[in-house]
Amino acid sequence: ASDVYKRQMLYCRQHLQPGFDSLTTTTWHDLRLTVHAPHALPAFDLRLRHETPGLPTRRGPDGLALPERRLPDPALAERYLLTTADPTLPVRIASALAALQLLSYVHITGSGNQVSFAMTPISVMSSAPAFEQILHALTQIAAALSGAAHARPAAPAR
């Protein structure tokens with residue numbers, strides 16, 4: 001059994017506001033699988049270099065711009081676009097990416113002490129059959145970035 005704290009967050013809410021001549025629908029969603037590490041991790045963003053048509057990743061507000069870093073394996077470098085300020089991160093996480101090779105959607109982010117697989121409402125269905133593989137890869141990434149053989153449990157964020 002893994003000793004990393006794991007959390008699934010599949011939340012989607014819609015609000016319908018009737019108007020005089022129209023209906024306005026507002027949608028909120030937070031769809032992700034997350035593992036927590038015992039230490040702060042370097043910030044990073046990993047996604048497919050060539051996203052599958054119809055399965056784009058959600059782009060966040062342009063806050064922290066991170067430089068692109070190439071993964072050490074040419075096949076991984078061709079498949080994934082990795083941005084991070086940490087030049088050692090690509091080598092540290094490369095072996096964990098093998099479990100994701102057959103996925104048609106990949107968006108992994110690292111921030112604080114969390115590593116998350118962030119999804120859009122459309123990508124949930126394509127990712128759902130691989131949730132176990134995804135959690136395994138997230139656990140490996142958290143452990144590699146924690147500098148430990150295995151990450152230790154962390155209290156869940158509240």
Side-chain angles (χ1 to χ4, degrees), residues 1-13 28-49 51-52 55-73 75-158:
S2 173
D3 54 355
V4 174
Y5 175 76
K6 300 174 184 180
R7 176 177 62 181
Q8 298 177 23
M9 171 80 68
L10 300 174
Y11 169 79
C12 189
R13 185 181 109 198
W28 297 266
H29 60 82
D30 188 4
L31 309 163
R32 67 177 126 169
L33 301 175
T34 300
V35 299
H36 296 260
H39 307 98
L41 305 174
F44 72 93
D45 186 275
L46 176 93
R47 55 185 85 217
L48 294 176
R49 188 172 292 280
E51 293 179 340
T52 304
L55 293 174
T57 54
R58 184 172 71 187
R59 308 289 183 192
D62 293 331
L64 180 62
L66 299 171
E68 180 179 346
R69 305 286 181 178
R70 302 227 10 123
L71 289 154
D73 179 286
L76 293 176
E78 174 62 28
R79 178 168 168 78
Y80 298 109
L81 174 64
L82 173 65
T83 58
T84 183
D86 182 349
T88 68
L89 191 136
V91 172
R92 294 162 69 193
I93 70 167
S95 65
L97 302 179
L100 308 175
Q101 284 298 90
L102 298 178
L103 298 183
S104 59
Y105 176 90
V106 175
H107 186 200
I108 299 175
T109 61
S111 178
N113 73 330
Q114 299 181 12
V115 178
S116 297
F117 188 88
M119 295 168 278
T120 64
I122 296 170
S123 68
V124 169
M125 293 309 291
S126 71
S127 303
F131 279 178
E132 187 174 329
Q133 291 169 274
I134 293 166
L135 282 171
H136 180 71
L138 296 178
T139 300
Q140 286 185 315
I141 291 170
L145 296 180
S146 292
H150 299 287
R152 291 181 178 34
R158 295 199 183 258

Just distance, no hydrogens or angles: give the donor-acceptor pairs under 3.5 Å from side chains in residues 86-94, sequence neighbours left out.
unit_1: D86; atom_1: OD1; unit_2: T88; atom_2: N; d: 2.8
unit_1: D86; atom_1: OD1; unit_2: T88; atom_2: OG1; d: 2.7
unit_1: D86; atom_1: OD2; unit_2: T88; atom_2: OG1; d: 3.3
unit_1: D86; atom_1: OD2; unit_2: R92; atom_2: NH1; d: 3.1
unit_1: T88; atom_1: OG1; unit_2: R92; atom_2: NH1; d: 3.2
unit_1: R92; atom_1: NH2; unit_2: L145; atom_2: O; d: 3.0

Note to self: According to side-chain contact (heavy atoms from CB on, under 4.5 Å), who are the partners of T57, at least two apart in sequence or on a separate chain?
What the structure shows: R47, E51, R59, Y105, H107
Notebook entry, point to check: Rounded to the nearest 0.5 Å, what separation is found between the CG atom of L55 and the OG atom of S104?
Noted result: 5.0 Å
Note to self: Minimum heavy-atom separation for A142 and L41, please, with both atom names.
What the structure shows: O-CD2, 4.2 Å
Item checked: CA sep, side-chain torsions, deciding dist, call: F117, L135, side-chain contact (heavy atoms from CB on, under 4.5 Å) -> CA-CA 8 Å; F117 188 88; L135 282 171; over 6 Å; no
Margin query: With a 4.5 Å cut-off on side-chain heavy atoms, are F44 and I141 touching?
Written below: yes
Check: Rounded to the nearest 0.5 Å, how far apart are CG of L97 and CD of Q140?
Finding: 9.0 Å
Checklist line | Q101/L76 under side-chain contact (heavy atoms from CB on, under 4.5 Å): CA gap, chis, key distance, verdict | finding: CA-CA 9 Å; Q101 284 298 90; L76 293 176; 3.7 Å; yes
Next item on the list: Taking N113 for its side chain and P38 for its backbone only, find out whether a donor-acceptor pair lies under 3.5 Å.
Entry: no
Checklist line | Non-hydrogen atoms of L103 and L48 that approach each other most closely | finding: O-CD1, 4.4 Å
Can I get a per-line list of side-chain donor-acceptor pairs under 3.5 Å for residues 127-134, giving both atom names and the distance, sequence neighbours left out?
unit_1: S127; atom_1: OG; unit_2: S123; atom_2: O; d: 3.0
unit_1: Q133; atom_1: NE2; unit_2: A99; atom_2: O; d: 3.4

Item checked: pair Q114-T109: side-chain heavy atoms closer than 4.5 Å -> no
Next item on the list: Side-chain contact test, heavy atoms from C-beta onward, threshold under 4.5 Å: evaluate it for S116 versus L138 and give yes or no.
Entry: no
Check: Hey, what do you get for OG (S111) to CG (D45), rounding to the nearest 0.5 Å?
Finding: 10.5 Å
Check: Do V106 and R79 have side-chain heavy atoms sitting under 4.5 Å apart?
Finding: yes
Margin query: Which heavy atom of P121 sits nearest to which heavy atom of L31, and what is that distance?
Written below: N-CD1, 3.3 Å
Next item on the list: Kindly give the heavy-atom pair with the smallest separation between A85 and L66, and that separation in Å.
Entry: N-CD2, 4.0 Å
Margin query: Run the side-chain contact (heavy atoms from CB on, under 4.5 Å) test against R49 and tell me which residues pass, sequence neighbours left out.
Written below: E68, R70, L81
